[in-house]
2 protein chains.
Amino acid sequence: MTATPAPRVTIKDVAARAGVSKGAVSLAFNRKPGLSEATRDRIFRAARELGWAPSPTARTLAGSRVDVVGLAVCRPARLLGLEPFYMEFVSGVESVLVERSCALLLRLVRSPDEEVGLMESWWRGRQVGGSILVDFRADDPRPAVAGRLGLPVVAVGHPSLTGGLTSVWTDDATAVTEAVRYLAALGHRRIARVGGAAALGHTSIRTTAFDETVRALEPAARAWQVATDFSGDAGARATRSLLAAAPGERPTAIVYDNDIMAVAGLSVAAEMGLRVPDDVSLLAWDDSQLCRLTHPTLSAMSHDVHGFGAEVARTLFGVIAGEDPGSHPVPTPVLTPRGSTAPP
Amino acid sequence: MTATPAPRVTIKDVAARAGVSKGAVSLAFNRKPGLSEATRDRIFRAARELGWAPSPTARTLAGSRVDVVGLAVCRPARLLGLEPFYMEFVSGVESVLVERSCALLLRLVRSPDEEVGLMESWWRGRQVGGSILVDFRADDPRPAVAGRLGLPVVAVGHPSLTGGLTSVWTDDATAVTEAVRYLAALGHRRIARVGGAAALGHTSIRTTAFDETVRALEPAARAWQVATDFSGDAGARATRSLLAAAPGERPTAIVYDNDIMAVAGLSVAAEMGLRVPDDVSLLAWDDSQLCRLTHPTLSAMSHDVHGFGAEVARTLFGVIAGEDPGSHPVPTPVLTPRGSTAPP
DNA sequence: AATAGCGACTTTACCGGTTCAGCACGTGGC
DNA sequence: GCCACGTGCTGAACCGGTAAAGTCGCTATT
């Protein structure tokens with residue numbers, strides 16, 4: 001690694017080769033007016049010949065835009081690794097960033113406070129030109145912080161949670177309603193839901209929607225809901241306790257807030273000697289490939305997570321460009337019936 | 001988002017407040033000698049009062065180190081999301097980076113060529129101070145590129161693959177041998193392996209080790225190996241074709257190269273009416289939480305992926321600091337027997 | 001007493017771009 | 001023939017730091 005000292009080529013070299021000043025090179029590379037076609041061409045040719053590209057660092061320092069967007073994720077790594085959602089989401093974000101040769105700064109944080117600190121230091125230090133905010137909670141401090149700093153952000157979450165920030169969101173309430181209606185249509189009257197982390201805003205939205213839908217559907221129907229931490233273990237525990245009731249008392253259908261927990265639920269059912277879907281129907285959420293790998297395959301509320309990430313990135317560029325705050329719904333998750341749901 | 005124009009505070013403000021020159025502030029913040037305790041204290045106090053921290057961008061431009069490390073991953077996003085391995089690995093890397101307030105630049109690329117291009121532009125543009133290289137292939141171009149550029153890197157992979165670069169690796173060959181010996185000790189004589197992507201170096205290492213171990217063990221034993229793309233679907237397909245043979249001909253034990261494929265295999269066995277582990281034993285690799293969520297639970301070759309990532313990051317800092325190339329083995333994956341393996 | 005040496009800072013020159021005031025030149029109007 | 005103006009480009013200042021060379025006062029040496 002004591003290799004070549006790397007022959008750095010700078011704007012000055014390009015300018016010299018093209019026979020112009022570095023100011024001209026700058027103008028050319030920022031597509032600004034004030035240069036003749038001929039000069040512009042000469043500059044680009046010189047740059048190509050020398051294999052030069054403007055240094056993002058210097059550009060940033062000189063006060064123009066920053067080609068990096070930040071994403072801080074606040075969940076234990078153990079869970080993150082398992083949630084197919086995140087990597088898929090990130091890849092969607094990337095797909096748009098790449099087009100604008102923008103990079104993604106990723107950070108796993110351990111607490112919301114740490115995330116707020118990171119927003120501040122990233123922005124103050126001009127490390128990012130904007131940020132993606134996920135996992136909104138009730139009374140989330142981030143909208144205020146972003147506003148105070150003037151940091152361009154897009155919030156992933158329902159507008160009711162994101163305090164006036166530009167948001168991109170899926171209509172969880174409608175999706176929950178659709179899920180419950182589907183199970184009810186199959187004849188289920190005792191429906192349970194294994195929800196995600198109670199502190200997260202979208203979890204409460206789903207919880208409320210679930211409750212209302214079940215109640216509206218039929219006063220006699222019963223609903224249970226359990227909060228978890230999204231982990232498979234928690235999903236297994238929740239399922240076990242739901243299914244431990246007497247046959248006439250226990251739920252005949254369970255909805256899960258992600259697919260990992262649904263997989264765990266499937267295995268708990270097997271372990272307890274219950275057949276899926278004959279004895280109990282299971283419905284997953286997010287619908288990663290995992291849902292098609294189990295036996296039986298898992299019915300799921302599926303949505304295009306990659307596209308979701310892409311939309312978030314596009315929206316962020318809008319915000320950075322100075323667009324007014326707005327609300328950007330993406331398509332509602334759609335029910336994909338497979339082998340784990342059937343009439344009771 | 002038209003908020004406060006952000007009152008940037010710079011080294012000059014701190015210097016003024018502490019009554020010194022900005023050079024002195026720089027000395028203080030880089031813990032260099034040449035300042036009295038008293039002055040140093042005054043400077044730090046001033047900085048604290050103003051909430052100032054040095055701008056990484058300016059530091060980078062001024063030619064000192066870059067506090068960013070790069071990681072380009074070249075696999076389809078669809079697969080990445082599913083491999084618990086990656087996020088876990090990333091979180092391990094992060095855990096070390098955070099201590100040095102270093103950031104991780106993550107990029108998903110579509111081809112090895114694109115990755116090489118990225119290495120060059122990252123390094124030329126001083127976007128990263130070093131890089132982590134994963135997924136080595138035969139005749140991988142990256143060692144040469146890194147050498148030519150003088151880019152500090154650490155290669156994740158067996159030294160035989162990483163062309164003299166500093167490497168961090170797990171002893172896959174030994175682990176495969178242990179896995180096979182274990183299955184043989186249980187009494188299995190027809191053992192199959194569902195491997196990963198054939199193009200990857202560590203896949204061939206495992207393939208060779210598997211072959212040799214089985215052959216050495218007992219000339220009469222039979223071994224099958226199938227290459228896949230690591231996806232659950234491919235794992236399912238491979239399992240299906242392995243188990244389609246007549247009862248006396250088909251393998252009684254299958255080793256998988258990751259846990260997703262093992263989960264898929266489990267479901268294929270169920271779908272074909274075979275009991276696990278009575279009719280066929282399954283052994284997973286990587287051992288994420290997923291292995292404990294299935295029914296039966298999956299026996300696995302498990303290793304500390306988080307710790308692996310951390311070691312990689314530590315090693316990278318060593319390389320950046322100028323250490324000579326070296327080989328850093330991390331503990332060999334260890335067999336964790338669970339419910340999916342038993343005598344035939 | 002002159003000088004060397006050192007500690008504690010300050011000065012100054014970059015790093016690689018962006019930006020803007022200014023300048024030379026050609027053109028059209030009167 | 002002179003002036004105003006637009007075009008095309010240059011030069012210098014600046015962004016926020018780092019690093020090497022320079023300054024100054026004081027003690028130790030010869």
Side-chain angles (χ1 to χ4, degrees), chain A residues 5-44 46-47 50-68 101 121-127 129, chain B residues 5-44 46-47 50-68 101 121-127 129:
Chain A
R8 315 202 74 83
V9 25
T10 80
I11 197 174
K12 218 178 300 183
D13 305 315
V14 176
R17 177 161 194 132
V20 296
S21 70
K22 50 188 204 141
V25 177
S26 178
L27 289 183
F29 268 77
N30 291 299
R31 330 205 147 282
K32 298 212 172 156
L35 286 184
S36 67
E37 268 312 308
T39 311
R40 207 174 283 272
D41 284 352
R42 242 183 323 128
I43 291 174
F44 282 129
L50 281 100
W52 177 83
S55 145
T57 310
R59 274 188 158 171
T60 298
L61 187 58
S64 59
R65 115 254 80 251
V66 184
D67 329 287
V68 177
S101 44
S121 79
W122 273 355
W123 182 238
R124 275 195 348 237
R126 282 209 188 290
Q127 302 250 73
Chain B
R8 315 204 75 83
V9 25
T10 79
I11 197 174
K12 219 180 297 184
D13 305 314
V14 176
R17 176 160 195 132
V20 295
S21 69
K22 52 185 203 142
V25 177
S26 178
L27 288 183
F29 268 78
N30 292 301
R31 334 205 144 280
K32 298 212 172 154
L35 288 184
S36 68
E37 267 313 307
T39 310
R40 206 173 284 271
D41 284 352
R42 243 182 324 126
I43 292 173
F44 281 129
L50 274 68
W52 177 82
S55 146
T57 309
R59 274 189 159 169
T60 298
L61 188 57
S64 60
R65 114 251 84 254
V66 185
D67 325 290
V68 176
S101 45
S121 79
W122 272 354
W123 181 239
R124 276 196 345 237
R126 283 211 187 288
Q127 303 251 70

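As a whole-Å value, the separation of B:Asp13 CG from D:dG16 P is 9 Å. What separates CZ of A:Arg42 from C1' of D:dG8 is a distance of 11 Å, to the nearest Å. Rounded to an integer number of Å, the gap from CD1 of B:Ile43 to C1' of D:dG17 is 14 Å. The distance from atom CD of A:Glu37 to atom P of D:dC9 is 11 Å, rounded to the nearest whole Å.
Nucleic acid contact for A:Thr60: none, since no nucleic acid atom lies under 4.0 Å from a heavy atom of the residue.
Using a distance-only test at 3.5 Å, with no hydrogens or angles considered, a donor-acceptor pair links the side chain of A:Asp13 to the main chain of A:Thr10.
Note that the CD1 atom of B:Ile11 and the CG atom of B:Leu50 stand 12.0 Å from one another [nearest 0.5 Å]. Here the CZ-OG1 distance, from B:Arg126 to B:Thr60, works out to 8.0 Å after rounding to the nearest 0.5 Å. A distance of 7.5 Å separates OG in B:Ser55 from CD in A:Gln127, rounded to the nearest 0.5 Å. Atoms CZ and CH2, on A:Arg8 and B:Trp123 in that order, are 7.0 Å from each other to the nearest 0.5 Å.
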Practice prompt. For each nucleotide in nucleotides 11-26 of chain C, reading 5' to 3', give B when a protein heavy atom comes within less than 4.0 Å of its base, S when such contact involves only the sugar-phosphate, and - otherwise.
Written response: B---BBBBB-------
Practice prompt. Would you please test B:Asn30 and B:Arg59 for side-chain contact (heavy atoms from CB on, under 4.5 Å) and show each step?
Written response: CA-CA 11 Å; B:Asn30 292 301; B:Arg59 274 189 159 169; 3.1 Å; yes
